[in-house]
K.L.:
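One structure, pasted below without further comment.
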Amino acid sequence: MEKAYQPKEVEDRLYHSWEQDGAFEGHPDAEKPAYSIVIPPPNVTGVLTMGHVLNNTIQDILARRARQQGHSVLWLPGTDHAGIATQTKVEQQLRKEGKSKYDLGREGFLEHAKEWRDKHGGIILKQLRKLGCSCDWKRTVHTLDPDYSKAVLEAFVRLFKNGYVYRGKRMVNWCPVSRTALSDEEVIMKPQNGKLYKIRYELVDSPGEYLEVSTTRPETIMGDVALAIHPQDERWPSLQGRKVRRPLQPAEIPIVADDAVEKDFGTGMLKITPAHDPLDFEIGRRHDLEIIDVFHEDGTLNELAGPDFAGMDRFEARKATVEKLREQGDLIDEEDHANNVGFSERADVPIEPRLSEQWFLRYPRVEEAKRAVAEGFIRYFPNRWSKTYLHWLENIQDWCISRQLWWGHRIPVWYRKGEDPKDPQNWHVSVDGPDDPENWEQDDDVLDTWASSWLWPIATMGWPDESAMKQQGLDYFYPTSALVTGPDIIFFWVARMIMAGLEFKGEPLDPKSVLSDEEIRKRIPFRDVYFTGIIRDDKGRKMSKSLGNSPDPLDLIEKYGADGLRHGIMSIAPKGQDIRFSEERIEQGRNFCNKLWNVSRFRLMADESGAQPSVEEILQRIDPAHLNQDDHAILLRLVQTLDEVDRLYVEYEFNSALQSIYRFFWNDLCDWYVENSKSRMRGGEGKETCLAVQDICLRQVLLLLHPVAPFITEELWDVLGFAGGKSIQWVNPGNGQDLANLIEARGIVLEDRALEEMLAIRELVTSMRALKADRNLANNNRVEFFYLAEEEKAEVLTRHTSSVLSSVGAAALNRVEEAPAGMPALVTAYGSVYMDLASGIDVDAEKARLSKELESLIKVIASIENKLGNASFTEKAPQQVVDGARKQLAENQKKKQETEDALGALA
RNA sequence: GGACGGCUAGCUCAGUUGGUUAGAGCGACUGGUUUACACCCAGUAGGUCACAGGUUCGAGUCCUGUGCCGUCCA
C-alpha cells in the first residue's frame, strides 16, 4: 500500500466499475422497498458550484445509505432548459458575432440555441460523476426532451380545460432587458437611494395657482392622466372635478378622489399614470381613465413621450425630464429618498410595471397543498420552513406563466387566422395542435421554466403516458422518498411541485373536488424535504459567480480528493443552517481519509492475510480467553456508535453522524485501542483476537462511512478483505443491537463496566503523560511512577498496568500506602500518581500547581455542598440527580484530601 | 412594517426533553519520528454562553424585552 492515500486513481477506477456494473440503476423490484430521489435539475449550461456539492453530496449519502440497507434505489438526474438564463447566454454569444435573434428568426434561433446547448450543456453532469454521485445516468432527463415537453403541454391543456388558465391584459413585471414578463417570484426587492421630486401642476380654471405632487418617477409624467387625492383629505375641500395642466406633453387632466391615496405620503396628492404603476392602474380603472404607455418594451421612451424624450433610455429620461421641469420652473423641490425597487432576478435591472396581454394560472389544489404540509404528509427538515411555505400559500397570487421568449415550451394555443384573437371562440388548445394548421397561428410565447419543472417528479417517470409510467416505475418510486434543495426555491419549485403532484398524479380531478387524506398521501411528490443551508464565504457573503468568491469544486477534488471534499463539506453543514465555507475543513476531510488509509495499512502490516467478509467469520477468530477489557470497551463503543449513527442518519443530522463516527474512529479506535494493541501485536498470545476486534471495528466504520466517502471505503473494503467479491454498496451496516446479537451468539458477554474502567484508565494515563510533559520529558523517557489508591481501584489498575506503562512511556508503576515525599503528583478520580524524578524538582512550582488545583476543588465542593444543603433541591430534584451530586461530592472530597497529602509530601 | 434564523474559546461551529466542573476541529504555545499516519502523536493555555429582566431547587438550554448580523415577505 502507498504510504498516503492517493484518491485520483482510486476514484476514476471505482466510478467506472460502479457504472459498468449498473450499480446505480434504479429498477422496480417487488421484493425490495423503494427509495427514490429526483435531482433538483441544474441549469443545462451551468457548472458545478459549492452549493451543488453540498446538495448532491447529501442526496448521494441518502441514496447510498438506502442501497446499503437493501432498498431498490433510484436517483434520477437531469437538467433544466432554464429559459431566460439560457436564452440570455445564447443572445450574448450572438451579439459578439454581431447578430441578433431576429436575424436568425425563431426557427433558426432555436436550432442555434440547441446546438449551443449540446455543445456547452451537460458539463455539470460530468462534474457530478467526479463527485461520486450515484445517479442512474441512463435515465437522465432534460426539460426540453420530446416526452417531457409533451407532459408540459398536456398539463397546460388540462389546466386550461378545467378553467385554471386564463388570458388577460394585466399589470405584469416587465424586464426591459430580457423583454419578457416575469412572475412575482422572479422580482427581487432592493432598497435604493433615489430622489423624491416635488412638481407643480397648474390649475386650468385658475391660472397661476398650482398643486404640488411628489413622485419618484418624473419620466412617466407624460403618461399622467389625472391627479388623485384622498376623499377625506381636508386640505383640498373643492378640488374634485377640476382640472390641471400636465407640465410635460401639456394636456388638461382631471382631479379624482380615491381611497387608495395615502394622505401622509409626500404632499398627499398623487399623479396617476395607469400604464406604469399597479396602484395607478387600479385607480385609473375605477375612474375610467385613459392609459398612456410612454415606454417601448426595451425601456426606452416612445413617441407618446414627445419629441424631447422619445428614444431616450428610461434612466436618461429621468434626468432629462427633471431638467426640463427645472427650466420650466415646475420643479419645486427634490430630496433624497430611500425606497424599494423591484429588480429582475436574471438581468438585475429594475423591472417596469407594464400592461400587457399574458397567460395566467390560478393555482390548483392550494388547500390540499397546505394540508399536505400542515398535517405532516410531507415533512420539512428543518420544520420551520413549513411556516414560510404556508404563509406564501395563504397569500398566493395567480401565476403569470407566459414569457416573451423563444427558448422554452411554446404555449399550445392557436388562434384562427383573420379572427379576433381575444375571443376564446377563435382559440384552439391542444397538445398536438389543430388538424388544419394552415388556418391557425400559434401563440408566440413560451411557458415559464418553472411551469415545466414543477412536473419534475412525475414527468421524469413517464407521465402522462400510461405505458411509459409503467415501464419507468412511477407507481413504484412515487411519492419520492426525499427532496434535497435550498430554501430559496421553496416558492419557485417546492410549493409548485406539491400542487402539480396533487393535481396530476393519479386520476384526473374535477376542479370542485376536495382530496381525501388518503389521496393526498398518494399524490404528494415526496415524503421528506431537506432544506440545505446556503454556502457563504469566509466573510459571510453568499457564494456567487459574479463575486468570484466561490472556489471551483473540481480544484478542491484535485487537491483533497472527492471523499475529502464530501467529508469536509458535510462536517460543516448543520441541518438547515447557513454554512461558512473554509478550505481548512476540506483539508480535514482529506486528513480523515488518510488516517483511515493508514490504520488499514497498519492492520495489514500486522497480518497481511486480511479479514473475512462477515462479522460471524471474524468473530470466530476471537479466543474468548484472550479477550481483555480493552476489547470489551471498544466493542461496546462500537455498538453505541452504530446506534447513534443510525439514528442520526434517519434524522438527517449528517454532521453529527460524522462527528460520532470521527470520535469512535479517531479517539477510541486509533488513539487508544490501536495504540494499546501494539504491545499485543508484539506479544503473540492475544494478537489474533486483537486483530479480529480491529477488523470488526474497521469493517463497521467503513460501512458507516461509505455514504459519505464512497471511494476510499470501497477501496479499503476490498484491500482489507471484507469484500469477498461483494461491493460495500450492498452491505448493511446494521445497528448496535444487530452487532451485539452476533457477539452474543459467539458466546461472548460484553461487560458494561469495561467502558467505565477504560475511561478511568485513560484519565490516569493522561495525568501521567501530563506530569511528564510539564517537565518536558520525552515520551520515550521511561520514568518510574508511584500510585496511591484504595484497594478496589488498585485492583483494576493492576490489570491494566502493562498497557498503562506502554501508553505513558513509563518504566514502573508501584503501589504505595502513603504519599511519597518530594515528588510531583496529580490527583484523579481513580487515585493519585507520583512521578519519581531522578533529578530534583522545583518545589515551589509544584506547590503552586497543586495549590491552584486545591483551590478549584474547594470551590467545587462548596458549590455542591451548597446545593445539597438546599432542602428544596433534595426534595424536588429527581433522585438520580441528587445521588449524582452526592457521589460527586464524595469524589471531590477524596481528591481534595489526596491533593493535600501530595502538598504535604512536597514539604 | 411583519416573519424566521444567528449571537458559546482567537477562528468555524457542536451542545436532543432544563440537571455533574460548557465540548470539538482549526489556530497558538510546549515537547516528540516508540511497528500505520507530520495529512501524525502527547500535552498546555484560552469561555462573565450578545445584553437586561423573569420562571425554577437548578438556565447556554424555557419565557419577556433590548441590541447587532443575516434571510424571506410586504
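In what follows, chains carry the letters A, B, and so on, assigned in the order in which the sequence lines appear, proteins first and then strands, with residues in each chain numbered from 1. These numbers come from the heavy atoms of this one structure, side chains and all, not from hydrogens, waters or symmetry mates.
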K.L.:
Taking B:C63 as the reference, what is the distance to B:U48 when you measure between their C1' atoms (whole Å, please)?
P.N.:
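Their C1' atoms lie roughly 22 Å apart.
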K.L.:
Taking OP1 and OP2 of B:C37, is either one under 4.0 Å from a side-chain nitrogen or oxygen of A:Arg601?
P.N.:
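Indeed, a polar side-chain atom of A:Arg601 lies that close.
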K.L.:
Can you tell me, in whole Å, how much space there is between the C1' of B:A14 and that of B:A24?
P.N.:
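One C1' to the other, the span is 7 Å.
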K.L.:
Would you kindly give the CG-to-P distance between A:Asn667 and B:C40, to the nearest whole Å?
P.N.:
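Computing the A:Asn667:CG to B:C40:P distance gives 13 Å.
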K.L.:
Is there a donor and acceptor pair closer than 3.5 Å between the side chain of A:Lys3 and the base of B:A38?
P.N.:
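Checked by distance alone, the answer is no.
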K.L.:
Check whether NZ of the Lys or CZ of the Arg A:Lys772 lies under 6.0 Å from the centre of the six-membered ring of A:Phe785 and within 45 degrees of that ring's axis.
P.N.:
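A:Lys772 over A:Phe785 ring: no.
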K.L.:
Test for a donor-acceptor pair under 3.5 Å between the base of B:C4 and the side chain of A:Lys387, counting only N and O atoms.
P.N.:
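Not at all, since no donor on one side and acceptor on the other fall under 3.5 Å apart.
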K.L.:
Could you check how far NZ of A:Lys896 sits from P of B:U21, rounded to whole Å?
P.N.:
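Taking NZ of A:Lys896 and P of B:U21, I get 17 Å after rounding.
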K.L.:
Where does the angle between the aromatic ring planes of A:Phe592 and A:Tyr662 fall among parallel (under 30°), tilted (30 to 60°) and perpendicular (over 60°)?
P.N.:
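The arrangement is parallel - the two ring planes meet at less than 30°.
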K.L.:
Taking side chain as C-beta onward, heavy atoms only, is A:His567 less than 4.5 Å from A:Arg585?
P.N.:
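No - every pair of side-chain heavy atoms lies 4.5 Å or more apart.
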K.L.:
What is the distance from CG of A:Asn870 to C1' of B:U56, rounded to the nearest Å?
P.N.:
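For the pair A:Asn870 CG and B:U56 C1', the rounded distance is 11 Å.
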K.L.:
Think A:Thr388 has a side-chain N or O under 4.0 angstrom from the OP1 or OP2 of B:C73?
P.N.:
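Answer is no, no contact under 4.0 Å.
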K.L.:
If you write RNA chain B from 5' to 3' in dot-bracket form, with Watson-Crick or G-U pairs under 3.5 Å, [ ] for crossing pairs and | for pairs with another strand, what do you get?
P.N.:
(((((((..((((.....[...)))).(((((.......))))).....(((((..]....)))))))))))).
K.L.:
Kindly point out which of B:G43, B:G5, B:C37 is positioned nearest to the side chain of A:Lys595?
P.N.:
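In terms of side-chain proximity for A:Lys595, the closest of B:G43, B:G5, B:C37 is B:C37.
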K.L.:
When the distance from NZ of A:Lys687 to P of B:U35 is rounded to whole Å, what number comes out?
P.N.:
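Atom NZ in A:Lys687 sits about 15 Å away from atom P in B:U35.
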K.L.:
Specify the separation, in whole Å, of atom CD of A:Glu653 and atom C1' of B:A14.
P.N.:
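It is 11 Å, rounded to the nearest whole Å.
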K.L.:
Could you tell me the separation between the CD1 atom of A:Ile534 and the P atom of B:G5, rounded to a whole number of Å?
P.N.:
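Nearest whole value for this atom pair: 15 Å.
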K.L.:
Is any side-chain N of the basic residue among A:Glu644 and A:Arg647 closer than 4.0 Å to the acidic one's carboxylate O?
P.N.:
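Here A:Glu644 does not pair with A:Arg647 in a salt bridge, since their nearest N and O are not under 4.0 Å apart.
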K.L.:
Would you indicate which nucleotide in B:U35, B:C72, B:U21 comes nearest to any side-chain atom of A:Phe491?
P.N.:
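Among the listed nucleotides, the one closest to the side chain of A:Phe491 is B:C72.
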K.L.:
What is the distance from CG of A:Asn594 to P of B:C39, rounded to the nearest Å?
P.N.:
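Distance check: A:Asn594 CG to B:C39 P gives 9 Å.
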K.L.:
Using a 4.5 Å cut-off on heavy atoms from C-beta on, say whether the side chain of A:Ile61 contacts that of A:Tyr649.
P.N.:
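Sidechains of A:Ile61 and A:Tyr649: in contact.
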K.L.:
Is the A:Phe531-A:Tyr389 ring centre distance short of 6.0 angstrom?
P.N.:
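No, the ring centres sit 6.0 Å or more apart.
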K.L.:
If you only use heavy atoms from C-beta on, which nucleotide in B:U44, B:C26, B:G25 is closest to the side chain of A:Gln588?
P.N.:
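Comparing B:U44, B:C26, B:G25 against the side chain of A:Gln588, the answer is B:G25.
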K.L.:
Nearest-nucleotide wise, let me know which of A:Val674 and A:Glu891 is further upstream toward the 5' end of RNA chain B.
P.N.:
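Nearest-nucleotide comparison on RNA chain B picks A:Glu891.
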K.L.:
On RNA chain B, check which nucleotide each of A:Tyr662 and A:Cys670 is closest to and give me the residue with the more 5' one.
P.N.:
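Closest to the 5' end, via its nearest nucleotide, is A:Tyr662.
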K.L.:
Closer than 4.0 Å, any side-chain N/O of A:Asn655 to the OP1 or OP2 of B:A14?
P.N.:
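No, outside the criterion.
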K.L.:
Can you see whether A:Trp399 has A:Arg496 sitting over its ring - NZ or CZ less than 6.0 Å from the centre and within 45° of the normal?
P.N.:
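Because its charged atom sits under 6.0 Å from the ring centre and within 45° of the axis, A:Arg496 does stack over A:Trp399.
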K.L.:
In whole Å, measure the gap between the P atoms of B:A59 and B:C51 for me.
P.N.:
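One P to the other, the span is 15 Å.
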K.L.:
Please list, pair by pair, any protein nitrogen or oxygen found under 3.5 Å from a nitrogen or oxygen in nucleotides 18-20 of chain B.
P.N.:
unit_1 : atom_1 : unit_2   : atom_2 : d
B:U20  : O3'    : A:Gln888 : NE2    : 3.3
B:U20  : O2'    : A:Gln888 : OE1    : 3.3
B:U20  : O2'    : A:Gln888 : NE2    : 2.4
B:U20  : O2     : A:Gln888 : OE1    : 3.2

K.L.:
So does A:Trp385 get a side-chain nitrogen or oxygen closer than 4.0 Å to the phosphate oxygens (OP1/OP2) of B:G5?
P.N.:
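Checking B:G5 against A:Trp385, no side-chain N or O comes under 4.0 Å of OP1 or OP2.
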K.L.:
Could you state the CG-C1' distance from A:Asn395 to B:C72, rounded to the nearest angstrom?
P.N.:
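For the pair A:Asn395 CG and B:C72 C1', the rounded distance is 13 Å.
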K.L.:
Confirm from the modelled atom types if A:Glu675 and B:A36 form a donor-acceptor pair under 3.5 Å, side chain to base only.
P.N.:
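Looking at the base of B:A36, it does pair with a donor or acceptor on the side chain of A:Glu675 (distance under 3.5 Å).
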K.L.:
Between B:A36 and B:A22, how far apart are the two P atoms, rounded to whole Å?
P.N.:
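So the two P atoms sit 37 Å from each other.
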K.L.:
Counting only N and O atoms by type, is there a donor-acceptor contact under 3.5 Å from the side chain of A:Asp646 to the main-chain atoms of A:Asn735?
P.N.:
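No; zero donor-acceptor contacts below 3.5 Å.
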K.L.:
Choosing from B:C57, B:C39, B:C37, which nucleotide comes nearest the side chain of A:Arg590?
P.N.:
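Looking only at side-chain atoms, A:Arg590 lies closest to B:C39.
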K.L.:
Answer yes if the side chains of A:Ser807 and A:Asn676 hold a donor-acceptor pair under 3.5 Å, and no otherwise.
P.N.:
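There is such a pair between these side chains.
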K.L.:
P atom, B:U66 versus B:G2: distance in rounded Å?
P.N.:
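That atom pair is separated by 10 Å.
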